[in-house]
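To keep things clear, I will list the structure first and then write my remarks on it.
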Amino acid sequence: MSPRPRRPTRIPGSPWSLLLVLLTVAANAVAADWQLVREAERSAIGPALLYAKRVAVRPADGQEVTAHLAFFTSRAYRLTVIDLGAGTNAATPTLAEAFRSAACLAGVNGGYFHANGQPLGLVIAQGRRINRFETAKLLSGVIYSDDRGLHLVRRSRFQDHPGITALLQTGPYLVEDGRTVRGLSTSAADRRTFIATDWRGHWVLGATLNRVTLADLAESLASPDTLTPWRVDRAINLDGGSSSGFFFERGADQAPVTLTPWKRVRHLLGIVSR
């Protein structure tokens, strides 16, 4: 009887391995396809805090992302959450007044909230806890500040503890370990607000001036030297659309950079000196 023919062994370098390599290269090429086309404005408040307006483009189809950006370091600055309350009348009429009243040099709008002003997920504003920790799919991450510094982590990895002075549950995650998160929307374009870090002490708060999808924002952030001059390790989305707001104090002799939300928001995320 003839011996039964043996199945060929899959070895490194086989078509399956080659296909995996090609798919990985293609995925990375999507992010690298974005390019910085110009930095329209730039204002520095010392070496550890600066404002820039950057425009990134995807040459393949001309899609742009234009954003107000507030760069800062965790060595010199920390985050604070400003709660504006759930009422119809704000204690501070303008975005600039709200940030200035909390001694913030820059900031953006915060996380999500219901129509009645009730926040989605846990919020800690100036040490005061509002609402509760939630597990809704949208709230995939947590940004918070404590005596050890600034932290941006997945919801499942967050461990609540005393000493947290500022916290927002938000999402979705945009970039993780330097790569665009899978499954982000490619169809619903809107103004976006976000926070990103290289996880080496460099951080940025940003708000786009044009409507973009979550996938496009994530890809532009994951591309080297586009919206940020450093490699983004992780980034997360904040409440965007009609809530998108931005503030940067450029000094006494210049008007601040402002992007006003189209509706009343519940809370703000600001930058203050340590």
Q) Does the pair Arg42/Glu39 count as a salt bridge with the N-to-O cut at 4.0 Å? A) yes
**Q.** OG on Ser244 to NZ on Lys263, rounded to 0.5 Å
**A.** 9.5 Å
Q) Among Leu79, Leu50, Ile45, Val204, which residue meets the side chain to side chain contact (heavy atoms under 4.5 Å, CB included) test with Phe72? A) Leu79
Q: Would you give the length of the straight line joining atom OG of Ser140 to atom CZ of Arg155, rounded to the nearest 0.5 angstrom?
A: 7.0 Å
Q: Report yes or no: do Tyr112 and Asn237 form a side-chain donor-acceptor pair below 3.5 Å?
A: yes
Q: Verify side chain to side chain contact (heavy atoms under 4.5 Å, CB included) between Leu217 and Thr208, making sure each step is shown before the conclusion.
A: CA-CA 9 Å; Leu217 175 59; Thr208 69; 4.2 Å; yes
Q) What is the minimum heavy-atom distance between Leu205 and Phe246, and which atoms define it? A) O-CE1, 3.8 Å
(Q) Pair Tyr144, Gln169 - check side chain to side chain contact (heavy atoms under 4.5 Å, CB included), show working. (A) CA-CA 9 Å; Tyr144 68 97; Gln169 268 194 274; over 6 Å; no
(Q) A quick test of your reading: do over 12 heavy atoms of other residues, nucleotides or ligands sit less than 6.0 Å from CZ of Arg75? (A) no
Q: Using a strict 4.0 Å threshold on nitrogen-to-oxygen distance, state whether Arg179 and Asp177 make a salt bridge.
A: no
Q) Short question: side chain of Thr226, backbone of Ser220 - any donor-acceptor pair under 3.5 Å? A) yes
Q) So, are Glu41 and Arg54 salt-bridged, with charged N and O less than 4.0 Å apart? A) no
Q. Are Arg200 and Trp230 in a cation-pi setup, meaning NZ or CZ lies under 6.0 angstrom from the ring centre and within 45 degrees of the ring axis?
A. no
**Q.** Within-4.5 Å side-chain heavy-atom neighbours: Asp233 and Arg231
**A.** yes
Q: May I ask you to decide if Pro119's main-chain N or O and Asn131's side chain share a donor-acceptor pair within less than 3.5 Å?
A: yes
Q: Would you kindly say whether Asn210 and Glu64 are connected by a side-chain donor-acceptor distance under 3.5 Å?
A: no
**Q.** For Val65 against Asp216, the heavy-atom pair lying closest together
**A.** CG2-O, 4.5 Å
Q) For Tyr51, which of Phe247, Phe248, Phe71 qualifies under ring-ring contact (aromatic ring centres under 6.0 Å, His included)? A) Phe248
Q: Grab the two heavy atoms, one from Pro261 and one from Arg191, that are nearest each other, plus how far apart they are.
A: CA-NH2, 4.4 Å
Q) Taking atom NZ of Lys137 as the centre, does the number of heavy atoms from other residues, nucleotides or ligands within less than 6.0 Å exceed 12? A) no
Q: State, without any angle test, whether Asn109 and Thr193 hold a side-chain donor-acceptor pair at a distance under 3.5 Å.
A: yes
Q.
Looking at every heavy atom in both Val108 and Leu238, which two are closest together, and how far apart are they?
A. CG2-CD1, 3.8 Å
**Q.** Any donor-acceptor pair under 3.5 Å from His267 side chain to Gly111 backbone
**A.** yes
Q. Using 4.0 Å as the upper bound for N to carboxylate O, is an ion pair formed by Glu219 and Arg58?
A. yes
**Q.** Test side chain to side chain contact (heavy atoms under 4.5 Å, CB included) applied to Leu150 and Trp203, step by step
**A.** CA-CA 9 Å; Leu150 306 183; Trp203 292 77; 3.5 Å; yes
Q. Between Leu105 and Leu49, is a side chain to side chain contact (heavy atoms under 4.5 Å, CB included) present by the stated rule, with each step listed?
A. CA-CA 9 Å; Leu105 299 171; Leu49 177 64; 3.7 Å; yes
Q. Ion pair present between Asp239 and Arg192, side-chain N to carboxylate O less than 4.0 angstrom?
A. no
Q. On the ring face of Tyr173, is Arg234 found with NZ or CZ under 6.0 Å from the centre and within 45° of the axis?
A. no
Q) Where is the tightest heavy-atom contact between Gly201 and Asp198, given as atom of each residue plus distance? A) N-OD1, 3.5 Å
Q) With no hydrogens and no angle check, is any side-chain donor or acceptor of Arg38 less than 3.5 Å from a backbone partner on Val55? A) no
